[in-house]
Amino acid sequence: MTKEYLILKRLLSSLLILFLVITLVFVLIRISPGDPTQKYISPKLSSQLAEEVRKSYGLDEPITIQYLNFIKNIFTGDFGISYEYRIPVLKVILEFLPVTLMLAFLSITMQLLLGYFTALFSVRRKNSLIDRLIRKSSVILYVTPGFVLGLILVFIFAVQFEIFPSSGFKSFYYDELTFIGRIKDIAAHLILPLLTLSIPGAALFYNYFRDGIEDVMNKDFVLYLKANGFSDKIIFRKHILPNSLKPILSVAGIELGFLLSGTLVTEVIFSLPGMGRLMMSSILSRDFPLVIACAFISALFIIISNFVFDLIKVKIDRRIWKEILS
Amino acid sequence: MRLKFHFILLLLLLISASCEKEQFKDTSRVVIAIQSEPETLNPIYAFGLNEGVITDHLFLYLLDLKWNENKGDVEAFPMLAEKWQWNSDSTSIDIYLRNDAKWSDGKTVSAYDVVYSFDIYSDQQVQSRFYGMFKNFYHFENGEVDLEKTFAVKDSFHLIINFLPDKVISLFDLAFPVIPKHIYENINRSEIQTAEINFNPIINGAYKLKKWERNQFIILEANRECFLYDDEMIKEIIFKVTPDYNSALTQLKKGEIDFTEDIRPSDAKQLSNQKNLKLASVKGRQYDYVGWNNIDGKYFSETKKVKPHKFFGDKKVRQALSYAINRKEILSQYLLNYGSLCNSPISEIFVNEFDSSLTGFEYNPDKAKVLLREAGWADKNRNGILEKGNTEFLFTLHIPSGNPLREYAATVIKNNLKQVGIEVKVEKLEFGVLMDGLLNRKLDAWILAWFIPLPNELKSYWYSDLTQTQLNFAGYQSAEADKIILELEKKHSKEDYIKLMKKFQQIISEDQPVTFLYWFDNIVSYNKRIKNITINPFGAIQRIWEWRLEN
Amino acid sequence: MLNKIKLLHFILIVWLIILIFRFEILIDTAEFLWLSITLLFEDYDFLSSHLNFQMIDSLTALLIMLLIPVIVLLKRFRNKFLNTNVSFSRYFIVLLMYCFFVPTLITREHPDYQKNNPDTKLLHPFSIIYQIKLKTPGDFSLNSNEEKFLKIKEKILLKEFDEKEIFVKSYSLNDNSYSFSIGDRTVRLSPESIHSIKSEIVFLGTDEFGRDIFSRLIFGARISLFIGFMAVTISLILGLILGYIASTGSAIISMIINRLTDLFLSFPSIFLVILVLALFGNNLLSVIIVLGFSGWMSLYKIVSSEVASVKQKDFFITSQKLGLSNSELLMKEIIPVIIIPVTVNLVFQFSNVILAESALSFLGLGAGSEYPSWGSMIEKGQEYISDAWWMIFIPGIVLVLTLLSFHNIAKEVNKFFNPKIS
């Protein structure tokens, strides 16, 4: 069993899963009540219009034929045209994806950094008052749901003190700002959503880092190294950190996957144009092609991010190849 | 650690950056909050209200229709058409276009564009929002306008439109935005929907598109080439997508937003105390009603035959329900009197047709009990619920989710009906599911609003042939009402028309196919610095080119 | 002193408090129960037409109140659990359990009671309102059991609405008549038409419809816990069955189930849940089923891997050789091994489901559209964030405390079973 073979195997099974995901969504959405042409039914519009639109969407054909057509199109990379936006769905997604990508990557960085530094801070002052305080509050922060945290932040910073805007992604006068002004503008809009997304995760990583570092520090080989006169810094960089990183990376993989597949609640609270809200609105308006494409993209992200983090783990520890890739 | 230091520095920078706000106040722009993102700026597909509002400022109409509150009707003023002349029996009209209207790419707007617009709008392939609305024109079976019979183009700025002789022609038959022929004729008609031009439209209106940031904002800029332009006009209009009502309100108070629609009545009072804001409301365009399914929906969908509903098939029961519901309480306690009681589907904005003598069903639980007893419903086992034979009077009232007014109304109605011995369960449904239930006649009772169209339309709501009228959700069956509806399609003198309309109101009020609840206002609030705003039943955001800013 | 209080004592203290405050109601309920039993024999049709959930709820509340001391005292010496020291999490869970079983005794206001006065909307916590009760024409003769039954029923069941009650923020007595305002109109009433006026403290404030937030919290706890229990049960059953099939069935079946698990794992479950709920409507049942179906994967993984490892072990092979049947193998050998990790997982699942339900309700897709639910309370709070902070903070804090308690309990359970892992 070579490395290439294992990767190939994993790739194939990922493809199969993607295929199953879109099939599942296709079936669910077709058997549900509601109809994308509902919005064409109104006293102002002629009743023939809805019929015409249905026909042009191909919804009057039997479901099996619809499915076959759909699969055929998917293989040519054509996800169809959004019923709502009247442009190819991939193009719609491209307009919403940047916000989600930005939020997800910024947030995961922030989570890891915050978690790491507070853990270091806390380990150094082990069992002091502040250490215990951080530990206790980290559990509370970890269990706090995003929507509660987000609303509390909005209440404090947007309603009471009016420091940050409570919604949107940019100001309408964005284009007229200087470069620094633009960065300020985006930062002011993003800081509350980022905090909302990051604080629970940071609390989680804090605990992982803290446990990991403490665990490794008590291991025999560290004591041995210390006894041999290596400096604390080198021991920490070369030995403690890599060894404590393993569980964190798999958690980070899962976390990033979920962040990428849409940070729905945060987007709803702060009215951000991201994937989560796109997904929700496409489901509610029965925009079939868009729903399927969204499902596809988010499943893809989950698979990719898990895979990438697995690769990083392998980079750290080459022994776990088989375990991960099978 | 160095990294930590950098990190904290970055954080501080971010925080400090966001604290000091740049003062940005250009006097010549106005920010309008809209709830949801427009999906298209192509007038052919502007199905949504917001989309219609925006495209109306990008594309000109033949005639400028204004609402006359005293007459309760529209009046036409010149727009693209400089003047016009009806023939003696008003079956054809001579239209003279002005010759200084220009498309944004420099071409002149001509009569050929007008003819082409009708051609596109009526084309089956294009699926425009006007498809099937050209019944008064010479048309083919599939709804397309017969261009040869209908239009006669004398020269680039003069054309004649001929209508079918036996139809009632109104100004609304000409109320379509004109689109550029030279752009669209190069596009395959079935591909217009997805064409690139929809995002960078060639326009002839008072405003042009400056920037469109998805789900954030749309910026319109005054179009200097348009004949409506003058120097006083507001230079930039920003439609800001603000789905969160609360943040829209905060921004309105702070002056970051200048105009918001759909204000909750409970906030209106508070806003009226704000120094920088003004309140106004659009009256009489929307009413809530409790729908009773008059027919047995299941039986109908199986056999396509009509059988009265076990509860609501009886006129007496429906009247009793209307007596038992305290509409005034909802009006005064939730709507805070931003609205009026509704007794029939004809709004009071139609000053002539509106029957003010109609009093409707005033809250009277005792009368309701009497009527129910007459209809055979009585509570023999004293459990608080009426029964007839073995059927207990209990049903589910469906309301769309996420609408506090209807939630409130549903609870009041539930409590009211409990007093007369009817048990109601309230269930919220997502709108798509609710519509599905209504179209397939699966629901027994529901609360919804009707937004009344201009010109007035009765047939699609109340005509009894249910295969033709999907929107008759209640399944209202009345030979008398049908007769009037059909009669109204013919030509009548103004007096006869008014008489027929009044008769219709009396019939429908007597029958109570649904319980008409109340007309509710669309409350609008805007910054006082905007002057010369027109707000009337035609809409809240209209004729922005007439708005002025205070200096 | 404080750490001498055992869980048992705490349960009894809460029981006693409820008993003292609701003694009258409990006595009435007992009488009601007695009347119901007699009517069961005298007039069955009458009773059955009156039977509804609310009535059964009140009666079971009485029975539970009777049973609590019995159970607690009987099991006292046998059960290690009841004798453990209390921590904050346990206090809180005991309170939640009381909310779950006897909400009608904790609060006497129906969670959907929409007061008929706009002045009672959005009242802040600890504000005072007056309840004016109007006189009713008393036509009860109290001759038969039926009459008595109806009268007591009226008294013990929480009313969803009462026309004869008016709630006002203030009233005044002058010229021998009471005057108060409802919205912008002033009402005058003569003392003859008034039955009683009493003041009430709105403990946690009211919401945008004038409903009592405290009542909604209590009943919301019930819904959250109910959904949690049911969804976890579904996940458990699914996970056990699929895991068992996968590890004992043929290779093909096990491969199919494995792929299915991967499918569910690589699909953002919130997306699936929203898809199903938005498309098919969100009522209590569908929320439970969907949440149950989206949480079985981890249980499946535990079960299948544990079973697979048990199958390799000597004791299993021996008992197989001894001729134990499949079901006996399952009961005697497999379940004892998997029960520990499964229990730990169940507690985590439980708090996940509560979180998921409140998030769904927040998005308008949970059970919150039918019943009071914490998530939907917070959602409403968002709309009034600048006027009524308590509409977000109160349910928000309760939700966080609940999640925290279950999280801590899960950790404790884990520690209890695997003492080595810190």
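Each chain gets a letter, A, B and so on, in the order the sequences are listed, and its residues count up from 1.
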Strictly below 4.0 Å, N to O, side chains only: are K414(B) and E160(C) in salt-bridge contact? yes

Measure distances from E387(B) to the heavy atoms of chain C and classify the residue's part below 4.5 Å as side chain, backbone, both or neither. neither

Under the side chain to side chain contact (heavy atoms under 4.5 Å, CB included) test, residues paired with L189(C) that sit two or more places apart: L134(C), F180(C), V187(C), S193(C), I194(C)

Please confirm whether K278(B) makes a cation-pi placement over Y526(B), using NZ or CZ under 6.0 Å from the six-membered ring centre and within 45° of the ring normal. no

Name the region of V412(B), side chain, backbone, both or neither, that has any atom closer than 4.5 Å to a heavy atom of chain C. both

Heavy-atom distance under 4.5 Å between the side chains of N522(B) and K283(B), does that happen here? no

Mutual orientation of the aromatic rings belonging to W377(B) and F393(B) [parallel < 30°, tilted 30-60°, perpendicular > 60°]: tilted

Quick check on the interface: out of K418(B), Q419(B), E430(B), who has the most heavy-atom pairs with chain C under 4.5 Å? Q419(B)

Filtered by a 4.5 Å non-hydrogen cutoff, the part of residues 401-408 of chain B contacting chain C is P404(B), E407(B), Y408(B)

Do the ring centers of Y363(B) and Y323(B) come within less than 6.0 Å of each other? no

Please determine, among E146(C), E383(C), K153(C), the option with the most heavy-atom pairs under 4.5 Å with chain B. E383(C)

If one checks every heavy atom of K380(B) against chain C at 4.5 Å, the contacting part turns out to be neither

Answer key: most heavy-atom pairs under 4.5 Å with chain B among F161(C), Y384(C), F46(C) is F161(C)

Taking NZ, NE, NH1 and NH2 as the nitrogens, is one of them in K425(B) or E427(B) under 4.0 Å from a carboxylate oxygen of the other? yes

Could you have a look at V433(B), T411(B), N337(B), L429(B) and say which one has the most heavy-atom pairs with chain C under 4.5 angstrom? T411(B)

So which bits of residues 241-251 of chain B come within less than 4.5 Å of chain C, counting non-hydrogen atoms only? D244(B), N246(B)

Indicate whether any N or O donor in one side chain lies under 3.5 Å from an N or O acceptor in the other, for S361(C) and S376(C). no

Name the region of Q333(B), side chain, backbone, both or neither, that has any atom closer than 4.5 Å to a heavy atom of chain C. both

Are any of the side-chain heavy atoms of V168(C) and I129(C) separated by less than 4.5 Å? no

Considering only NZ, NE, NH1 and NH2 on the basic side and carboxylate oxygens on the acidic side, decide whether K121(C) and D207(C) come within less than 4.0 Å. no

What residues form a side chain to side chain donor-acceptor pair (under 3.5 Å) with Q274(B), not counting sequence neighbours? none

Looking at E147(C) and R382(B), does any basic side-chain N land under 4.0 Å from a carboxylate oxygen? yes

A side-chain contact here means heavy atoms from C-beta on lying under 4.5 Å apart; do L360(C) and V273(C) qualify? yes

